[in-house]
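Structure, as structure tokens:
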Amino acid sequence: MSSSLAAMSESLLNAEMAFAGKRYAARRTAELRSEDPSRSAEQIVDLLRDEADAAEAEFRRLRDPRLRLVLRRTLPENGAVERQIDFSRERQMLCGRCDHRWPVDLDWINRWEQAKETCPGCGMTCEHEDSPRVTLDSGDPALDDDRVTQFSWYHTSTQPDWPTRHFDPAAVLTPETRRRMGGEQGVSAWAARQRAKALHVGTYEAAVHNMLRRIRDQADQRSQFYLYRVRLKPSVVVREGWLVDPGTSVGDVVLDEVCPPGVDVARYLNYHEDPGGLSLALGRNAIASVQRIAVPLPDTRDGGWVRDAVAALEGVSGTVVPATGKLARFMRPSSSRAVLGRELGAFLAGRLPVNLQSQFASAAAFAEGEDPEQWARRASGLFGLIDDPTRVLAALDRQDPREV
């Protein structure tokens, strides 16, 4: 069913494009003939072909990943500068053995992680300890100390008041949990360690990537997320240079370990979210203000896809039936609607950069009993965070900054 829906949408798009092309050709033919009535049909065809070739060349130029979604604008609300947003941009690799450095795309990195690519300099594969890893682009503008505070930075969280003014990590602990932690003394020590952790902000891409990772890895699929645009205080002191990603497997960084006395912000190479990008470890006092929106946005960017998806989902049964076959006892009962919903989510995921596909598929997974329209709007909204960030930034523009 999902393949037929995808084919239907693609056929509709192709038909609309063909109709628009024919309508333009007819109108342009009339214009060319009126400009010079002596033109022959062959001459008009040649002119139309030249214009079509020029349009195709421009289309290919605009589809170049290096030019995709280049956003360089100053926000009047807070004076911060937006940087280029490009989830599919080229990355830089650096070999730990031979020091060879070269640019790659995300598909190459995906093959590399499956041991299907090697270092062009020494032939090393990904299995070795000192094998190549993604590294910073030397042209990253955030490497300029003086410009760090001029940029907008981003963060995603389930906290509606991040960064919380009076953060009490123990507030959500139950009496039973407190007892298991050794009583109030153990809780106090744990809370102190939590408060000592650095906050993290990064690129727009890293913030969205972080949200998708949390949904997949931390069972946050039904949690409400918020996207924060962060403005730093212009007086902050930025640590010289940058660090290799200092976080633990869950991203924890002790602030004092990366920001010694007199330093407010430390830059680090992010391996996990927007790999190869620069993120910041900082304390709450380094933040001047934030703007916040709930994500995904409540309305949908892709009305046509939502309409088709809802119609397809409502056209199949939502009744859960037991699995059949030799492996049935190992499979959960499922409905035709849930199976189709997962296929539709996978179809959307397949249109995204390869490093986001698995996480997006988990985030947009269709659950048994879920309302088809609510699911389709949410899935489309998640897709829009990646496919159309200009709309998301416009929503942030409409929010008043909150001083921290």
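Given the structure is predicted, the values throughout are model-derived calculations rather than measurements. Positions are given from 1 along the sequence.
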Counting only heavy atoms not in Arg222 (residues, nucleotides, ligands), do more than 12 fall under 6.0 Å from its CZ? yes
If I compare all heavy atoms of Ile85 with all of Pro389, which pair ends up nearest, and what's the gap? CG2-CG, 3.8 Å
In residues 254-270, what donor-acceptor pairs under 3.5 Å come from side-chain atoms, sequence neighbours left out?
{"unit_1": "Asp264", "atom_1": "OD2", "unit_2": "Val237", "atom_2": "N", "d": "2.7"}
{"unit_1": "Arg267", "atom_1": "NE", "unit_2": "Gly241", "atom_2": "O", "d": "3.2"}
{"unit_1": "Arg267", "atom_1": "NH1", "unit_2": "Ala142", "atom_2": "O", "d": "3.0"}
{"unit_1": "Arg267", "atom_1": "NH1", "unit_2": "Leu143", "atom_2": "O", "d": "3.1"}
{"unit_1": "Arg267", "atom_1": "NH1", "unit_2": "Asp145", "atom_2": "OD1", "d": "2.9"}
{"unit_1": "Arg267", "atom_1": "NH2", "unit_2": "Asp145", "atom_2": "OD1", "d": "2.5"}
{"unit_1": "Arg267", "atom_1": "NH2", "unit_2": "Arg239", "atom_2": "O", "d": "3.1"}
{"unit_1": "Arg267", "atom_1": "NH2", "unit_2": "Gly241", "atom_2": "O", "d": "3.2"}
{"unit_1": "Tyr268", "atom_1": "OH", "unit_2": "His200", "atom_2": "ND1", "d": "2.7"}
{"unit_1": "Asn270", "atom_1": "OD1", "unit_2": "His272", "atom_2": "N", "d": "3.0"}
{"unit_1": "Asn270", "atom_1": "OD1", "unit_2": "Glu273", "atom_2": "N", "d": "3.0"}
{"unit_1": "Asn270", "atom_1": "ND2", "unit_2": "Glu273", "atom_2": "O", "d": "3.3"}
{"unit_1": "Asn270", "atom_1": "ND2", "unit_2": "Ser279", "atom_2": "OG", "d": "3.0"}

Which word best sums up how the rings of Phe151 and Trp153 line up, parallel for under 30°, tilted for 30 to 60°, or perpendicular for over 60°? perpendicular
For the backbone of Val404 and the side chain of Arg284, can you confirm whether one donor and one acceptor N or O come within less than 3.5 Å of each other? no
Specify the closest pair of heavy atoms between Arg83 and Pro141, including all atoms of both residues, with the distance to one decimal. CD-CG, 4.1 Å
List in chain and number order the residues that pass side chain to side chain donor-acceptor pair (under 3.5 Å) with Thr118, two or more places apart in sequence or in another chain; answer none if no residue qualifies. none
Locate the shortest heavy-atom distance separating Pro163 from Val290; write the atom from each residue and the value. CD-CG1, 4.3 Å
Audit row: Val295, Leu385, side chain to side chain contact (heavy atoms under 4.5 Å, CB included) steps and yes/no: CA-CA 8 Å; Val295 288; Leu385 290 172; 3.9 Å; yes
Qualifying residues under salt bridge (Lys or Arg N to Asp or Glu O under 4.0 Å), relative to Arg111, sequence neighbours excluded: Glu117
Flag yes if more than 12 heavy atoms outside Glu240 fall under 6.0 Å of its CD atom; otherwise flag no. no
Return yes if some donor-acceptor pair links the side-chain N/O of Glu370 with the main-chain N/O of Ala367 below 3.5 Å, else return no. yes
Decide if atom NZ of Lys233 counts as having more than 12 heavy atoms of other residues, nucleotides or ligands within a radius under 6.0 Å. yes
Tested for salt bridge (charged side-chain N to carboxylate O under 4.0 Å, His left out) against Arg91, the lone hit among Asp86, Asp105, Asp274 is Asp274
Please evaluate residues Leu382 and Val208 with respect to the criterion side chain to side chain contact (heavy atoms under 4.5 Å, CB included), reporting the C-alpha separation (whole Å), side-chain torsions for both, the decisive distance (0.1 Å), and the verdict. CA-CA 9 Å; Leu382 287 171; Val208 173; over 6 Å; no
Contact check, side chains of Tyr154 and Thr203, non-hydrogen atoms, under 4.5 Å: no
By side chain to side chain donor-acceptor pair (under 3.5 Å), Arg342 pairs with (sequence neighbours left out) Ser334
Do Thr390 and Asp388 meet the criterion of a side-chain donor-acceptor pair at a distance under 3.5 Å? yes
Taking the side chain as every heavy atom from C-beta outward, state whether Arg89 and Glu205 have any pair of such atoms under 4.5 Å apart. yes
Which atom names give the shortest non-hydrogen contact between Pro132 and Trp112, and what distance separates them? CD-CH2, 3.3 Å
Rounded to the nearest 0.5 Å, what separation is found between the CH2 atom of Trp102 and the CH2 atom of Trp108? 4.5 Å
Quick one: is the NZ or CZ of Arg337 closer than 6.0 Å to the six-membered ring centre of Phe366, and within 45° of its axis? no
Side chains of Ser335 and Thr319: closer than 4.5 Å at any heavy-atom pair? no
For the side chain of Ser380 and the backbone of Ala376, is there at least one donor-acceptor N/O pair under 3.5 Å apart? no
Under 3.5 Å, is there a donor-acceptor pair between the Thr158 and Gln224 side chains? no
Kindly give the heavy-atom pair with the smallest separation between Asp245 and Tyr271, and that separation in Å. OD2-N, 3.2 Å
Give the C-alpha distance, both sets of side-chain angles, the deciding distance and a yes or no for side chain to side chain contact (heavy atoms under 4.5 Å, CB included) between Thr135 and Met93. CA-CA 6 Å; Thr135 190; Met93 296 290 289; over 6 Å; no
What I'd like to find out is whether the side chain of Ile293 reaches to under 4.5 Å of the side chain of Gln399, using heavy atoms alone. yes
First locate atom CG of Leu348, then atom CD of Gln357, and finally report the distance between them rounded to the nearest 0.5 Å. 11.0 Å
Test side chain to side chain contact (heavy atoms under 4.5 Å, CB included) applied to Ser131 and Cys119, step by step: CA-CA 8 Å; Ser131 64; Cys119 171; over 6 Å; no
Is Arg133 atom CZ crowded by more than 12 heavy atoms from other residues, nucleotides or ligands, each under 6.0 Å away? no
Heavy-atom side-chain proximity of Ile287 to Leu199 below 4.5 angstrom: yes
If only side-chain N and O atoms count, and only distance matters, is there a donor-acceptor pair under 3.5 Å linking Arg229 with Gln291? yes
Look up atom CZ in Arg402 and atom OH in Tyr228, then write down how far apart they are to the nearest 0.5 Å. 6.0 Å
The criterion is salt bridge (Lys or Arg N to Asp or Glu O under 4.0 Å); which residues satisfy it with Glu176, sequence neighbours excluded? Arg179, Arg180
Side-chain heavy atoms of Arg351 within contact of Phe383, under 4.5 Å: yes
By ring pair (Phe, Tyr, Trp, His ring centres under 6.0 Å), which residues pair with His155, not counting sequence neighbours? Trp162
Working to the nearest 0.5 angstrom, can you tell me the gap between Leu212 CG and Ser358 OG? 10.0 Å
With no hydrogens and no angle check, is any side-chain donor or acceptor of Arg231 less than 3.5 Å from a backbone partner on Thr149? yes
Under 3.5 Å, side chain of Gln221 to main-chain N/O of Ile215, donor-acceptor pair present? no
Rounded at 0.5 Å granularity, tell me how far CD in Gln359 sits from CG in Asp217. 6.5 Å
Please tell me if the side chains of Trp375 and Leu313 come closer than 4.5 Å, counting only heavy atoms from C-beta onward. yes
Heavy-atom donor-acceptor pair, Arg292 side chain to Tyr226 backbone, under 3.5 Å: no
Does the side chain of Leu297 reach to within under 4.5 Å of the side chain of Arg391, using non-hydrogen atoms? yes
Looking at Cys122 and Arg97, what are the two nearest heavy atoms and their distance? SG-CD, 4.0 Å
Please say whether more than 12 non-hydrogen atoms of neighbouring residues, nucleotides or ligands are located less than 6.0 Å from CD in Gln185. no
Take atom CD in Gln114; do more than 12 heavy atoms of anything else shown fall under 6.0 Å from it? yes
Taking atom OG of Ser223 and atom CD of Gln218, what is their separation to the nearest 0.5 Å? 9.5 Å
